[in-house]
Amino acid sequence: MSASIRDVIRERRTIRTFNNDPIEKEAIIQLLDDASWAPNHKLRQPWRLVMFYGKGNESLSEQMKNLSKQVSDEGAAKK
């Protein structure tokens, strides 16, 4: 990863379609490590990152769907 900031900015593109190809765990860890170097508000270090993959990711996804439905249902009941 030795691209210049200028190259990164000029070559950045929005991706609107994704595939289901798995991402190597090492690549994710490297990205999270790099993200921890991003500037933060008044050096308060607000970054808290958690990585889920495999069955943990599937379980989290299912729980998030259920929570989203529950919140949506509660909002509709209040109207």
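We count residues from 1, following the sequence as given.
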Is there a path of hydrophobic side-chain contacts, each under 4.5 Å between heavy atoms of I/L/V/M/F/W/Y residues, joining W37 to L32? no
Mind checking the OG-CZ spacing from S59 to F52? Nearest 0.5 Å is all I need. 8.5 Å
Going by chain and number, the hydrophobic cluster around I15 (ILVMFWY, side chain to side chain under 4.5 Å) further includes F18
If I take atom CD from residue E26 and atom CD1 from residue I29, how far apart are they, to the nearest 0.5 angstrom? 6.0 Å
Applying side chain to side chain donor-acceptor pair (under 3.5 Å) to E62 and not counting sequence neighbours gives none
Within a reach of under 6.0 Å around CG of N19, are more than 12 heavy atoms found that belong to other residues, nucleotides or ligands? yes
With D21 via salt bridge (Lys or Arg N to Asp or Glu O under 4.0 Å) - residues at least two apart: none
Kindly compute the distance separating CD (Q63) from CG (L60), expressed to the nearest 0.5 Å. 6.5 Å
Atom CD1 of I5: over 12 foreign heavy atoms under 6.0 Å: no
If we count only N and O atoms by modelled type, under 3.5 Å, do the side chains of E74 and Q70 hold a donor and an acceptor together? yes
